Structure formats: C-alpha cells, structure tokens
2 protein chains.
Amino acid sequence: MSVAGGPKWRRRKEARPGEIVAAAFAVFAEKGFAAARLDEIAARAGVSKGALYLYFETKEELFHAVVRDAVAPNVAQVRAAAEAFEGPFADLVRALLPMMAARIAGSGAAKVVKMVIGESRNFPALAQHWHDEVVAPTLSVLSGLIERAQARGEVRPGDPRVHAFSLVGPLMLGVLWREVLEPVGGAPVDLQALAAQHVETALGGLLAREGAAA
Amino acid sequence: MSVAGGPKWRRRKEARPGEIVAAAFAVFAEKGFAAARLDEIAARAGVSKGALYLYFETKEELFHAVVRDAVAPNVAQVRAAAEAFEGPFADLVRALLPMMAARIAGSGAAKVVKMVIGESRNFPALAQHWHDEVVAPTLSVLSGLIERAQARGEVRPGDPRVHAFSLVGPLMLGVLWREVLEPVGGAPVDLQALAAQHVETALGGLLAREGAAA
DNA sequence: GCTATAAATGACCCGCGAGTTATTACGCCT
DNA sequence: AGGCGTAATAACTCGCGGGTCATTTATAGC
C-alpha cells in the first residue's frame, strides 16, 4: 500500500538470511516443525515465499539453520565460564546454575528444547546435532568438574554423570514447566528462586560432609 | 487374500475402540500428532480409515482418548501408594522414586510426555488435560508429603514445591534422555541406577541433619 | 540515462491426507 | 432360512501447503 512511490521491495542479499532465520525461529517455536507454514515465515520476514528458496533448499534445512543459530553462542559461554573457574566446587555450582537458568530463560533456548523434543522422531538428524553440539559437551564439562571435585574429596563418590543429572534435572524440569504448563494454567515457576534453593539442596547431598566418617 | 472363504471382516463393536486407541498410541508416539497418518493408524488397528470415524469424531479427539487411556491408571496407583505409606519420609522417597521410574519407563508414558511437550502449543487443550489430571495432582501429593515431613522436622525448610522439583527433576531428565537422545547416539541411561543414586543425593540435601543446629 | 544482472515476486502445480458417503456384507433374531 | 439393522469398507472430495518458475523490478556499471 505504499502509495507514495517507494519501491515495492529492495535488494538486500546480505540481510535476508538472518531475518528469515529469525522469523522461522519464531514460527517454529510457536507451532513446531510440521505445523509451521512457510507462508507465515515469509510474511514475518517481510518477504515472499519464493524468496525463502533463494537462501534455503528446503523447509528442513531452514529448521537446521534455526537450531544452529539460536543455540551455539550460549553453550560456548557457559562452557568457558565453567572451565575458567578456579574456586571450590560449591562456589562454582552456586554461580553456574543460576547462570544457566538465566541464559536458558532469556534466550529462546527453552523453545528450541521443546521443538527438538517434539520433532526428534521425525528429524533424528536434528536431535543428533543437538546432542553432539549442545547436550553432550555441556554434560561432559559438568561431569568432568564433578569428577575432579571427587578426586579432591569435595564431592561424595558416585557416577559423576548421575550427579550431573541430579544438578541440572530440576532446572530443566522448571524450564519445561514454564514452556508447556504455565500457558495452560500451571502455577508460575520462578526459575531463579528454583535454581537458588535447588543448588543448596543438591550441594547438601553432593558435598562430602566435613564431620562425617566416610 | 483369504481365499479359503473366511469373512472379509468381522463385527466387533466392543473391541474396536481399544484396538484403535492402542494403534493410535503407537503411531502418535512415533510420529507426533501432526505427522501421524490416519491411514496408518487404521492399518495397524486392522481396520479401514472410515471405521475410525465410527468411534471418534476427529483426529484430535482420538489424540485425547490416547492420552486419557495411556496415563490415568499409573497416576492413580502412584498416588495411592504415596498416600498409604506410613513410615519416615526417607523410606517413602526411597520406595517412591524407583517405582515412578519403573512405571514411566514400563508403560509408554514417556512417549506421551514427549508427545504432549511437542504438541503443547498446537493443542493447548491437551496440555491442559495433562496438567490437570496428571502433573498437578502428582505434584500436589508430593509437595504435601514434603510439607508434612517438614512439620515433623524431618525435612529442611524451603518451598515444598521446589523440593519436589529437586526430587523428580533428574528422573524426568533421564526419561527424556532415553526417549530423545539415546536413539541418536546418546550414552545409555540406566533409569533404576539413576533413581537409586539420585534419591540418596536428594535425601542428603533434603533431610534435616541430626547433629545440626537448625 | 541505458542496459545487463540477479533479487524478489506471486501465481501456479500437484501430491497428500483429513474427512465423507454410497455401498457391501456380517450376524443376530425370529 | 432369510431378512434386517448396522459394522465396516473403499473409493471419493477437497482444501491446504511445500515447492516451482516465468515474470517483474531494483540497482550496479558503463
């Protein structure tokens, strides 16, 4: 409706891909892969459906691009923070969990998680990418930290991977709760409060007791 | 190809709905709602697509029936077991978590969880039903138990709902891991072992310490 | 300004799958 | 036995959405 002779569209080869991925992210997060409509993605990106195919071969490739872009930076940062830390295990955990909570809640990572879970059967390649690039590295950093803390006698014995689950499981549950149940009437969850209280609970179970025998 | 004059089909009004729901459960669990094909459900139920519509109005109603049937009995049993228990909190938890783990892994409940998460935006009614009938009651039983244990001085202070998250979160994470990540190369998770170790960790953080001041 | 290039469009195609319906045939009931 | 009510079928419709392509139009270079 631009009556005042502005051009109908502009050539912006550089900017398009990013805008398209952003729009696709929003629609995929809202609807899931199968129910997302290319027309809607195109509309939100301010572009025609045909233009999508100038930059992405198929809907599925677009899906992959979305997951890549939305997630990579956060993982790297959490990893760096964890590996740079030098103090006692308890302090590290007290810093790390709230950081993860904030990062997951802040970015759209939670929506991506939901998306990956929902479409994992239909797009195993996506779930695999997610596992290889996000979950496995994070878990490996975490259980490495736990293992070293065990060697120093700070943390009780036990499978370090299971200990890692004990640490982050409740956080993940909280994230999914917010994403899935709150919109349909579930009682709100304060992720920061959850992280704070759970860290103390988990540490109570993980740390070797000072006055204890074993 | 029954050349030897058996009838082409039989009238089994009573048995059909159950068989259809079972077949639908399998297909929905594998593909998710949107990607599930009514033709495939019908084929697995040994029935024509038209027959589905004799028993269910729409695909979505069939989806609802699946969730209802697959989940209700398990919840009731866990709830009953939890409320009947009379001993100290620690023993209850040591019995309850492995039981939940077994029940979730054994039935197809894990697949339903994945399904509900994936389709929650497109079918809020389903997520709501799940919340009202499954999650909220379970959580309420659990945090009730914790609250009473706190009153008896067995469990440390803190939001009982968050404590409940601390207890079951890692279990849920394990379930999702098995469901989503193991099929694409994730390291296997032994749910029973996870439950056993995590229970002790969680109790270590939840139980009031005998020799402690507060 | 004019032209060549390629970014972008939007009308189109076509297969697929949810839902419908005219027809068939099972099996109870007398 | 045979007739009737209805469970069940199978071929159908029809709209939707992923993907295509001939055409339009911005813009860089001369």
Side-chain angles (χ1 to χ4, degrees), chain A residues 1-24 26-28 30-66 119 121-123 125-126, chain B residues 1-24 26-28 30-66 119 121-123 125-126:
Chain A
M1 300 302 174
S2 54
V3 179
K8 287 182 185 167
W9 46 267
R10 302 200 169 266
R11 314 186 138 200
R12 291 165 55 240
K13 187 180 174 139
E14 311 306 320
R16 292 299 191 210
E19 296 173 3
I20 291 171
V21 167
V27 178
F28 281 140
E30 246 173 60
K31 308 280 179 69
F33 179 82
R37 304 294 149 217
L38 288 184
D39 284 304
E40 188 179 349
I41 293 173
R44 288 209 207 179
V47 136
S48 72
K49 186 168 64 171
L52 300 184
Y53 286 88
L54 296 174
Y55 300 100
F56 301 93
E57 294 277 326
T58 65
K59 188 186 185 185
E60 192 169 347
E61 196 205 299
L62 184 53
F63 197 15
H64 275 82
V66 165
E119 307 289 351
R121 290 267 184 229
N122 301 94
F123 299 94
L126 183 76
Chain B
M1 301 306 171
S2 54
V3 180
K8 288 179 183 165
W9 45 267
R10 303 201 167 263
R11 313 186 140 205
R12 294 166 51 242
K13 186 180 172 142
E14 311 304 322
R16 293 299 191 209
E19 295 172 4
I20 291 171
V21 168
V27 178
F28 281 140
E30 244 173 62
K31 308 284 179 66
F33 179 82
R37 303 294 150 220
L38 288 185
D39 284 303
E40 187 178 349
I41 293 174
R44 289 209 205 178
V47 133
S48 72
K49 185 168 64 171
L52 300 184
Y53 286 89
L54 296 175
Y55 300 100
F56 303 93
E57 295 277 327
T58 67
K59 189 184 184 184
E60 193 170 345
E61 195 205 300
L62 184 54
F63 198 14
H64 275 82
V66 164
E119 308 287 351
R121 290 264 186 233
N122 300 94
F123 300 94
L126 183 77

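The shown structure was predicted, so the numbers you read here are calculated from the model rather than taken from an experiment. Here is the naming used below: chain letters follow the sequence lines, and residue numbers restart at 1 for every chain.
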Check: To the nearest 10 degrees, what angle separates the axes at the start and end of the helix from C/dG1-D/dC30 to C/dT30-D/dA1, five pairs each?
Finding: 0°
Next item on the list: Using chain A heavy atoms and a threshold of under 4.0 Å, write down where along DNA chain C the contacts begin and end, 5' to 3'.
Entry: C/dT5 to C/dG10
Note to self: Minimum heavy-atom separation for A/K49 and A/D39, please, with both atom names.
What the structure shows: CD-OD1, 3.5 Å
Margin query: My understanding is that only residues two or more places apart in sequence, or in another chain, count here; which of them pass side chain to side chain donor-acceptor pair (under 3.5 Å) with B/E19?
Written below: B/R12
Next item on the list: Indicate the atoms forming the closest heavy-atom contact of A/I20 with A/I41, along with that distance.
Entry: O-CG2, 4.2 Å
Margin query: Regarding A/A36, tell me which of base, sugar-phosphate or nothing describes its non-hydrogen contacts under 4.0 Å with the strands shown.
Written below: sugar-phosphate
Item checked: Reported CG-to-CD distance for the pair B/N122 and A/E30, which is rounded to 0.5 angstrom -> 9.5 Å
Next item on the list: Only counting residues at least two apart or in another chain, list the ones meeting side chain to side chain donor-acceptor pair (under 3.5 Å) with B/E40.
Entry: B/K31, B/R44
Check: Hey, does A/R11 reach any base, or is it just sugar-phosphate, or nothing, if we go heavy atoms under 4.0 Å?
Finding: base
Next item on the list: Check salt bridge (charged side-chain N to carboxylate O under 4.0 Å, His left out) between A/K59 and all other residues, then give those that pass, not counting sequence neighbours.
Entry: none
Checklist line | Set of residues satisfying side chain to side chain donor-acceptor pair (under 3.5 Å) with respect to B/R16, sequence neighbours excluded | finding: none
Notebook entry, point to check: Closest heavy-atom contact between B/V66 and B/V21?
Noted result: CG2-O, 3.7 Å
Next item on the list: Give every residue pair that meets the ring pair (Phe, Tyr, Trp, His ring centres under 6.0 Å) criterion with at least one member in residues 39-64 of chain A, sequence neighbours excluded.
Entry: A/F28-A/F63, A/F33-A/F63, A/F63-A/F123
Check: Can you list, by residue number, the residues of residues 16-23 of chain B that have a non-hydrogen atom closer than 4.0 angstrom to DNA chain C?
Finding: none
Checklist line | Positional range of nucleotides in DNA chain D within the contact set of chain A, heavy-atom, under 4.0 Å | finding: D/dG17 to D/dT27
Next item on the list: Using the closest heavy atom to pick a nucleotide of DNA chain C for each, name whichever of B/W9 or B/A34 lands nearer the 5' end.
Entry: B/A34
Next item on the list: Using a cut-off of strictly less than 4.0 Å between a heavy atom of the residue and any atom of DNA chain C, enumerate the qualifying residues of residues 44-56 of chain B by number.
Entry: B/K49, B/Y53
Notebook entry, point to check: What residues form a side chain to side chain contact (heavy atoms under 4.5 Å, CB included) with B/S48, not counting sequence neighbours?
Noted result: B/A51
